[in-house]
Amino acid sequence: MARVNHYLLKNFMEVFSTLFFILFFVASIIFFINIANVTSVIKMNFIELFTMYVYLIPKLLIYTIPITFFVALCLTLFNLSKENELIILFSLGYSPKRMSRFFTTLAFLFSLLLVVNIVVLVPLSNQLNNNFLEYKKAKAKFNIQESKFGQKFSDWLVYISKAKKNQSYEDIALYKVGTNTEATRLILSQQASIKNEEGSLRLILNDGKAFEFHKDKIQQINFKKMHMNSTPNEDIGYMQTIYTYWTLAFKDKKRAYDFAFFMLIALFPLSTVWLAMGISVVVSRYASAKIYWYQFLSILIYFSLAVIVAKINPFGAIFAIFLVSLIASYAIYKRNVLSRF
């Protein structure tokens with residue numbers, strides 16, 4: 001029977017590796033696009049972009065491995081069924097229960113790997129990524145370009161007519177939208193420059209005017225020189241322990257949702273391994289392409305429930321969705337496989 005398990009594993013890994021690299025590549029492109037958006041504010045070279053990408057790999061694995069495992073298992077068993085190889089194995093004494101134990105063990109190992117990734121690597125990678133971004137904001141040169149709208153310095157929208165070398169500018173305008181407690185502000189300056197002083201970015205404005213717009217009046221101030229500071233996050237370099245990072249889930253709703261959602265994704269291979277066998281082990285004569293719809297609907301339903309229920313009750317969602325998925329998967333496996341083979 002060990003040879004049969006090796007044969008099944010070989011077929012599974014061939015499909016899994018192909019799908020994984022395709023899905024990982026597509027997901028990497030999406031993540032790279034999001035990373036590239038940072039360069040609209042901060043200048044980065046390719047090595048720094050790659051560093052940020054490395055920090056995001058643990059999250060990439062969370063999203064790609066579970067889906068790849070489920071789809072690969074479905075396609076592997078479906079292909080073996082179409083070639084009547086599973087029927088031959090069952091006829092020779094390799095029962096569906098043996099196959100179930102083998103793939104359930106494999107699914108458990110994949111889920112365990114993902115849980116370790118979530119508990120250990122995700123907190124570290126998130127903090128390293130955030131610290132790296134804050135460091136770059138404090139140290140890097142800002143991409144303030146001439147004649148371009150939508151650029152920001154701290155909380156201010158910035159527009160400049162002309163940019164010179166050494167981060168000096170001519171005819172600069174800064175605009176800040178007012179709130180219930182603050183007036184809308186507009187600053188016009190003939191010359192400006194940016195300096196980095198011990199991690200604090202300072203915008204120095206020369207020969208300008210500042211306006212404050214109130215409901216009933218407008219105030220104007222003329223100035224020769226004005227300094228505006230953009231102070232970086234004071235927690236740069238600070239790293240929480242893994243225990244501290246996740247215990248905040250009991251206080252922070254966002255952290256609790258992340259933990260619940262990631263854990264549900266990690267448990268996806270284990271909770272749907274019987275479902276994969278139930279929809280993929282078929283008689284070749286009645287095999288159809290409906291399996292692809294079953295895969296899509298299974299993934300859509302599971303992930304939709306994970307998103308919705310995790311927002312309502314994060315910790316309860318982990319147990320509820322996992323148990324419901326496990327029971328439903330086994331019921332389908334028992335009806336479609338155990339009762340026939």
- Query: When you look at Tyr159 and Tyr175, which way does the ring-ring contact (aromatic ring centres under 6.0 Å, His included) test go after all the steps?
  - Reply: CA-CA 9 Å; Tyr159 177 83; Tyr175 179 77; over 10 Å; no
- When you look at Cys74 and Ile291, which way does the side chain to side chain contact (heavy atoms under 4.5 Å, CB included) test go after all the steps? CA-CA 8 Å; Cys74 288; Ile291 181 179; 4.1 Å; yes
- Begin with the C-alpha distance, continue with both residues' side-chain angles, and end with the deciding distance and a verdict on side chain to side chain contact (heavy atoms under 4.5 Å, CB included) for Leu157 and Leu174. CA-CA 5 Å; Leu157 291 171; Leu174 295 97; over 6 Å; no
- Item | Stepwise side chain to side chain contact (heavy atoms under 4.5 Å, CB included) check, Glu212 with Thr184 | CA-CA 6 Å; Glu212 284 193 357; Thr184 298; over 6 Å; no
- Message: Please determine whether side chain to side chain contact (heavy atoms under 4.5 Å, CB included) holds for the pair Val281 and Met99, giving the CA-CA distance in whole Å, both sets of side-chain angles, and the decisive distance to 0.1 Å.
- Response: CA-CA 11 Å; Val281 179; Met99 184 180 68; 3.8 Å; yes
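In this structure, Asn313 contributes its side chain and Gly316 its backbone to a donor-acceptor pair below 3.5 Å. Of the possible donor and acceptor atoms, none in the side chain of Ser125 sits under 3.5 Å from a partner among the backbone N and O of Pro58. Ser280 places a side-chain N or O within donor-acceptor distance of the main-chain N or O of Ala276, the cut-off being under 3.5 Å. Here the side chain of Thr244 pairs no donor or acceptor atom with the backbone of Gln240 at under 3.5 angstrom. Within the 3.5 Å criterion, the main-chain N or O of Phe268 finds a donor-acceptor partner in the side chain of Ser271. A donor-acceptor contact shorter than 3.5 Å is absent between the side chain of Trp274 and the backbone of Ile332.
In this structure, Phe250 has its ring center under 6.0 Å from that of Phe315. Remark: aromatic rings of Phe32 and Tyr53 are close, center separation under 6.0 Å.
Pairing each heavy atom of Val309 with each of Ala317, the nearest pair is CG1-CB, 3.4 Å. Between Ile62 and Ile265, the closest heavy-atom pair is O-CG2, 3.1 Å. Taking all atoms of both residues into account, the shortest heavy-atom contact from Ala266 to Ile118 is CB-CD1, 3.6 Å. Heavy atoms only, all atoms of each residue included: Val337 and Gly278 are closest at CG2-CA, 3.9 Å. Residues Ala256 and Pro314 come closest through the heavy atom pair O-CB, 3.6 Å. Ala183 approaches His214 most closely through the heavy-atom pair CB-CE1, 3.6 Å.
Atom CZ of Phe108 has 12 or fewer heavy atoms from other residues, nucleotides or ligands within 6.0 Å. Annotation: Ile29, atom CD1; neighbour count of heavy atoms from other residues, nucleotides and ligands within 6.0 Å is above 12. Around the CD1 atom of Ile221, the shell of radius 6.0 Å holds no more than 12 heavy atoms that belong to other residues, nucleotides or ligands. Around atom CZ of Phe223, more than 12 heavy atoms belonging to other residues, nucleotides or ligands sit under 6.0 Å away.
Residues Met277 and Leu275 have side chains not in contact (no heavy-atom distance under 4.5 Å, counting atoms from C-beta outward). With contacts defined as side-chain heavy-atom distances shorter than 4.5 Å, the pair Lys209/Ile187 does not qualify. In this structure the side chain of Leu205 reaches within 4.5 angstrom of the side chain of Met228, judged on heavy atoms. Between Phe262 and Val115 the shortest side-chain heavy-atom distance does not fall below 4.5 Å. Inter-residue side-chain proximity for Thr76 and Leu8 is flagged as unmet; no heavy-atom pair is nearer than 4.5 Å. Val122 has its side chain out of reach of Asp258: every pair of non-hydrogen atoms, C-beta onward, lies at least 4.5 Å apart. Side-chain contact between Gln191 and Tyr169 is absent, with no heavy-atom pair separated by less than 4.5 Å. Residues Tyr333 and Pro96 form a side-chain contact, since some pair of their non-hydrogen atoms from C-beta on lies under 4.5 Å apart.
Donor-acceptor pairing under 3.5 Å is lacking for the side chains of Asp252 and Tyr257. For the residue pair Thr272 and Tyr302, no side-chain donor N or O sits within less than 3.5 Å of a side-chain acceptor on the partner. In this model, no donor atom of one side chain and acceptor atom of the other lie less than 3.5 Å apart for Asn129 and Gln127. Between the side chains of Tyr55 and Asn126, not a single donor N or O lies within less than 3.5 Å of an accepting N or O.
Both tests do not hold together for Arg185 against Phe211: distance to the six-membered ring centre under 6.0 Å, angle to the ring axis within 45°.
Here the CZ-CZ distance, from Phe50 to Phe46, works out to 7.0 Å after rounding to the nearest 0.5 Å. Atom CD of Gln295 and atom CD1 of Ile67 lie 11.0 Å apart (nearest 0.5 Å). Taken from CD1 in Ile321 to CD1 in Ile301, the straight-line distance is 12.0 Å, to the nearest 0.5 Å. Between atom CZ of residue Phe319 and atom CG of residue Leu323 there is a gap of 8.5 Å, rounded to the nearest 0.5 Å. If you take CG on Leu326 and OG1 on Thr104, they are separated by 8.5 Å, rounding to the nearest 0.5 Å. Annotation: the span from Ser111 atom OG to Met263 atom CE amounts to 9.0 Å, rounded to 0.5 Å.
Hydrophobic cluster membership differs between Val324 and Tyr294, with clusters built from Ile, Leu, Val, Met, Phe, Trp and Tyr side chains linked at under 4.5 angstrom. Linking Ile, Leu, Val, Met, Phe, Trp and Tyr whenever their side-chain heavy atoms come within less than 4.5 Å leaves Leu338 and Ile327 in two separate clusters. Connection of Leu270 to Leu109 is established within a shared hydrophobic cluster, with ILVMFWY side chains joined at heavy-atom distances below 4.5 Å, either directly or through further cluster members. By the criterion of side-chain heavy atoms lying less than 4.5 angstrom apart, applied directly or through intervening Ile, Leu, Val, Met, Phe, Trp or Tyr residues, Leu248 is not grouped with Leu124; the two fall into different hydrophobic clusters. Under the 4.5 Å side-chain heavy-atom criterion for ILVMFWY residues, a single connected hydrophobic cluster contains both Val120 and Phe259.
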Show every donor-acceptor pair shorter than 3.5 Å between a side-chain atom in residues 11-26 and any protein atom, with sequence neighbours excluded, or say none if there are none.
| residue | atom | partner | partner atom | Å |
| --- | --- | --- | --- | --- |
| Asn11 | ND2 | Tyr7 | O | 2.8 |
| Glu14 | OE2 | Lys10 | NZ | 2.9 |
| Ser17 | OG | Met13 | O | 2.9 |
| Ser17 | OG | Glu14 | O | 3.1 |
| Thr18 | OG1 | Glu14 | O | 3.0 |

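In the hydrophobic clustering, Leu113 connects to no other residue, as no ILVMFWY side-chain heavy atoms lie under 4.5 Å from its own.
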